[in-house]
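As the structure is a computational prediction, the values presented were derived from the model and not from experiment. Here is the naming used below: chain letters follow the sequence lines, and residue numbers restart at 1 for every chain.
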Number of protein chains: 2
Amino acid sequence: MSGTQLSTESIVQTLSSHGHRITTPRRAVIDAVLGHERPFTAEQIVAEVPAAGRATVYRTLELLASLDFCNRILQPGGHPAYVTGEPGHRHHLVCSGCGTTVSFTACPVDQIVDDLRAETHFRIDGHHLEVFGACPDCASTPN
Amino acid sequence: MSGTQLSTESIVQTLSSHGHRITTPRRAVIDAVLGHERPFTAEQIVAEVPAAGRATVYRTLELLASLDFCNRILQPGGHPAYVTGEPGHRHHLVCSGCGTTVSFTACPVDQIVDDLRAETHFRIDGHHLEVFGACPDCASTPN
DNA sequence: ATTGCTGCAAAGTGTTTGCAATCTG
DNA sequence: CAGATTGCAAACACTTTGCAGCAAT
């Protein structure tokens, strides 16, 4: 349920090894992203990182997502957000109250993909899965 | 994998029994929605139903979704769409090529919800699950 | 020196809202 | 009739894009 700690440097190295240039705005965005334990919006990063313009923030987030350093998720209300995580962690359990996120790799969908394939003869390429709820703190708060 | 056929009348009855008024624009939107076997966008309905304004279309779709007659899904590219289906059918397998949709009720997520609950002590309220792929026709087309 | 990256601001999507007029129950 | 519903257009939230200048390799 946990994993290797992510650092700006390790991400920078991956970026570099993929032929991407390392710029000040990109470093700043990566730092900001790593500073969030919980889901954050692109606009939050825009506000937190004056060193980068809006377009750069969006482009960098997309880049990070393409390298699997973060995922774009959709919160219950339908509002988009990003979460960071080591590559390989695909799914998230998000608290509707405070936004605390728990990643999990156990992918229950694999178990039915074979069934679906057999029944529908579709070629199955992927899926989205997000689980919503309330963390212990938020669940116990009368609120 | 299939179910009871949905008709404008049965939806209208449900609406009525829930205290909603039956208006010409609503009927028209429901008719249009039922005319789609595949995912459709709100704007498509707006274009197809001159009898209803844009706001009414969005409001009616939201109403139908709240009564579980349709679901808003997110296609692979991240573009929103709606799919119709009898209440109870929660998940969809969508062909990226032609949009053909297959509903399935088998919910593999239930199987891990208990595990997640035990491990995280979250209260689990729900989830989003969508599966993407290509239907037999699209998968075989060299394209 | 290349060529990718950046910022700005304008243009896009997709959706919601305020409000007076209108229609249903 | 009362109150729900409608349409319009303006406002919104979020994201993408064109392009000229700048900077990493």
Original post:
Got a sec, which pairs hit salt bridge (Lys or Arg N to Asp or Glu O under 4.0 Å) with one end in residues 21-31 of chain B, sequence neighbours left out?
Top reply: B/Glu9-B/Arg27

Subject >> Any donor-acceptor N/O pair, B/Gln75 side chain to B/Ala81 backbone, under 3.5 Å >> reply: no

Original post:
Tell me, which of residues 51-61 of chain B have any heavy atom that sits under 4.0 Å from an atom in DNA chain D?
Top reply: B/Ala51, B/Ala52, B/Gly53, B/Ala55, B/Thr56, B/Arg59

Original post:
Could you write nucleotides 20-25 of chain D as a row of B, S and -, 5' to 3', where a protein heavy atom under 4.0 Å of any base atom gives B, of only sugar-phosphate atoms gives S, and otherwise -?
Top reply: ---BBS

Original post:
B/Ser17 and B/Thr14: side-chain donor and acceptor closer than 3.5 Å?
Top reply: no

Original post:
Going by an N to O cut-off under 4.0 Å, is there a salt bridge joining A/Arg117 and A/Asp115?
Top reply: no

**OP:** Using a cut-off of 6.0 Å, state whether more than 12 heavy atoms not belonging to B/Gln111 lie near its atom CD.
**Re:** yes

Subject >> Interatomic distance, B/Glu62 CD vs D/dT6 P [rounded to whole Å] >> reply: 12 Å

Under 3.5 Å, which donor-acceptor pairs do the side chains of residues 91-98 of chain A form with other protein atoms, sequence neighbours left out?
from	atom 1	to	atom 2	distance (Å)
A/His91	ND1	A/Leu129	O	3.3
A/His91	NE2	A/His127	NE2	3.3
A/Ser96	OG	A/Gly133	O	3.1

Original post:
Atom CG of A/Leu74 and atom C1' of C/dG14: how far apart are they, to the nearest Å?
Top reply: 13 Å

Original post:
Is B/Ser66 reaching over with its side chain to a backbone N or O of B/Leu63, donor-acceptor style, under 3.5 angstrom?
Top reply: yes

Subject >> Any residue of residues 25-45 of chain B with a heavy atom less than 4.0 Å from an atom of DNA chain C >> reply: B/Ala42, B/Glu43

Subject >> Side chain B/Thr56, main chain B/Ala52, donor-acceptor under 3.5 Å >> reply: no

Original post:
Does the A/Asp68 side chain pair with the main chain of A/Gly88, one donor and one acceptor, at a distance under 3.5 Å?
Top reply: yes

With a 3.5 Å cut-off and sequence neighbours excluded, list the donor-acceptor pairs that the side chains of residues 41-49 of chain B form with protein atoms.
from	atom 1	to	atom 2	distance (Å)
B/Thr41	OG1	B/Gln44	N	3.1
B/Glu43	OE1	B/Arg54	NH1	2.7
B/Glu43	OE2	B/Arg54	NH1	3.1
B/Glu43	OE2	B/Tyr58	OH	2.9
B/Glu48	OE1	B/His36	NE2	3.0
B/Glu48	OE2	B/His36	NE2	2.9

